[in-house]
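Below is one structure, written out as structure tokens, with a few remarks after it.
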2 protein chains.
Amino acid sequence: MKVLIVEDDPLHRSYLHEAVRAALPECDMVLEAENGLSGEIQARKSRMEHVIMDLQMSERNGIEAARTIWRERPDTKILFWSNYSDEAYVRGVSRIVPEGATYGYVLKSASDERLKLALRSVFMESQCVIDREVRGIQQKSLGNAHGLSDAEYEILVDVALGLTDKAIARRKKLSLRSVQNRLQQLYEKLEIYQIPNAQTEGWYNLRMRAVAVALLRKILNTSALERAERELRDFVQS
Amino acid sequence: MKVLIVEDDPLHRSYLHEAVRAALPECDMVLEAENGLSGEIQARKSRMEHVIMDLQMSERNGIEAARTIWRERPDTKILFWSNYSDEAYVRGVSRIVPEGATYGYVLKSASDERLKLALRSVFMESQCVIDREVRGIQQKSLGNAHGLSDAEYEILVDVALGLTDKAIARRKKLSLRSVQNRLQQLYEKLEIYQIPNAQTEGWYNLRMRAVAVALLRKILNTSALERAERELRDFVQS
DNA sequence: GCAGAATCTGCGGGTTCCCGCAAGACAAGT
DNA sequence: ACTTGTCTTGCGGGAACCCGCAGATTCTGC
């Protein structure tokens, strides 16, 4: 049995290595990669079926790496090991999980015990394990208590990239007005209002403000933006 | 001699603890804090003169914590220990350093040797030590090769918060037109142009696009935004 | 002190954004 | 078939944004 660790921080890497040795004595080979790109390559080359993946790495982040790995071998078991539980990450992960694939999502702040348990559950029992806090986000994300619908999220991303309404309309094949409607919807969900706060008529530029609060509330993050930017470039030159 | 370690990741914390023991045998007391707020409190309570500070923590980030610590005891020696060399962090740090204070800035990717050397230099020799890569950013930041001037950076932040031109004018005590001039300047520096290519008239919303590229180029980051948001709230209710 | 550069400010216009109003499209429920 | 709800599209207007032009102000170096 082989395990691949994809993680850019050497400390965390060796910690994981240790945890794997302790939790999975039947594991006789542990490979390491220090970014998403070399992770993909190693996974392909050595046909890894068990991967521990950090999100948020330079060169290529964990979500992209996982996507290409799964595209080549959908039965790969991947345990995501992340710093925080940003909505953007959770959304990103659950967006790329193939039908019936087994994966896990544990936070770096989790205890040794939790990590080892997750390792055994995911890699040996093929059981999906998702941390409680992450689970919370996931629910909110699918339902729409305070989270956004897919349509709203997508338009948020487009706006955040700096596209005009017209450009978004063309890209999404909608009329100008529809795009503006969705924007309206977005502003409501995010509770963007004009601040009629007494004398301070410090108004907001709604479209910009929406992105700002999305960033502050971790609905958006830089990695998600980078991904979107790349997709945009592909779209433009086609 | 006492040293305070402020760092939210337990692994990194114990690693630092180890490094301090190895590099500073004359140190007989090592305290730890797991976020900026408790870091401030411990520093105050125990009158620490030597602090190792992570940037990017929950609860209160390293820059704010350092600022309040320095406000109370400007002769405190602080060694910043950060993940990446975002322009926003470097700028944030050099903005709050008091006159003649001694500090250091090393990256987490640096070698053991570098870290230990920095520890001795800063804490024992009162010498400022700044990592090469960080130094690079700092230069660019002060000069303006690809970095922004202070005026440009400030307006960038205000725009990113979602303020309108008018609001910014009021806040910065400028005329509307001046604000727009600075914006123009900003767009130039960031190379924001319309018409990404011929037939695709997918135009950009310049103000939004500027923020997007600033985020992508790490000129801005979420922490800087959070700080700015808090300052804005203070300003509004005054 | 003076010329030159950089910055601040007002005017005017073209464009984009924000949004109320209202008419059509489609699905689902009674 | 009628209604109810959600989503889309068009029209129109007021506000905000982007920006060229030009005069006024402030900041430089000599």
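Reminder, nothing fancy here: chain letters follow the sequence lines and each chain counts from 1. What's counted below: heavy atoms across the whole structure, side chains too, no hydrogens, waters or symmetry copies.
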| request: Look at B:E7 together with B:K108 and state whether they make a salt bridge at an N to O cut-off of under 4.0 Å. | output: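 B:K108 and B:E7: salt-bridged.
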I'd like to know if B:R227 and B:E231 make a salt bridge, using a cut-off of under 4.0 Å between side-chain N and carboxylate O.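 Answer for the salt bridge query: no.
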[X] [atom1] to [N] [atom2], straight-line distance once rounded to whole Å:
X: B:R182; N: D:dC17; atom1: CZ; atom2: C1'; answer: 18 Å
X: A:D158; N: C:dC17; atom1: CG; atom2: C1'; answer: 16 Å
X: B:Q180; N: D:dC21; atom1: CD; atom2: P; answer: 16 Å
X: A:R209; N: C:dC17; atom1: CZ; atom2: P; answer: 20 Å
X: A:M208; N: D:dC17; atom1: CE; atom2: P; answer: 12 Å
X: B:E152; N: C:dT7; atom1: CD; atom2: C1'; answer: 12 Å
X: B:L163; N: D:dA15; atom1: CG; atom2: C1'; answer: 17 Å
X: A:D165; N: C:dC19; atom1: CG; atom2: P; answer: 11 Å

Q. Phosphate oxygens OP1/OP2 of C:dT9: is one of them under 4.0 Å from a side-chain N or O of B:S178?
A.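 Yes, within the criterion.
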Whichever of B:L176 and A:Q184 has the more 5' nearest nucleotide on DNA chain C, that residue is B:L176
Exercise. Going through the checks in order, is the side chain to side chain donor-acceptor pair (under 3.5 Å) test met by A:E226 and A:S223?
Worked result: CA-CA 5 Å; A:E226 286 168 2; A:S223 304; 4.8 Å; no
Would you mind telling me which of [options] lies closest to the side-chain atoms of [X]?
X: A:K166; options: C:dC18, C:dT16, D:dG20; answer: C:dT16
X: B:R177; options: D:dG20, D:dT8, D:dC18; answer: D:dG20
X: A:W203; options: D:dT8, D:dA16, C:dC8; answer: D:dA16
X: B:Y187; options: D:dG10, D:dC19, C:dC18; answer: D:dC19
X: A:L183; options: C:dC18, C:dC17, C:dC8; answer: C:dC18

*asked:* What's the separation between atom CG in B:D86 and atom CG in B:L55, rounded to the nearest 0.5 Å?
replied: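 Rounded to the nearest 0.5 Å, the CG-CG separation comes out at 9.5 Å.
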Nearest heavy atom decides the nucleotide; on that basis, is B:N181 or B:N205 closer to the 5' end of DNA chain D?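 Looking at DNA chain D, the more 5' nearest nucleotide goes with B:N205.
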Q.
Here's a test of your reading of the structure: between A:L174 and B:R207, which maps to the more 5' nucleotide of DNA chain D?
A.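 Per heavy-atom nearest nucleotide, the more 5' residue is A:L174.
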Criterion side chain to side chain donor-acceptor pair (under 3.5 Å) on A:N205 and A:R209, from CA distance to verdict
CA-CA 6 Å; A:N205 174 329; A:R209 183 63 185 166; over 6 Å; no
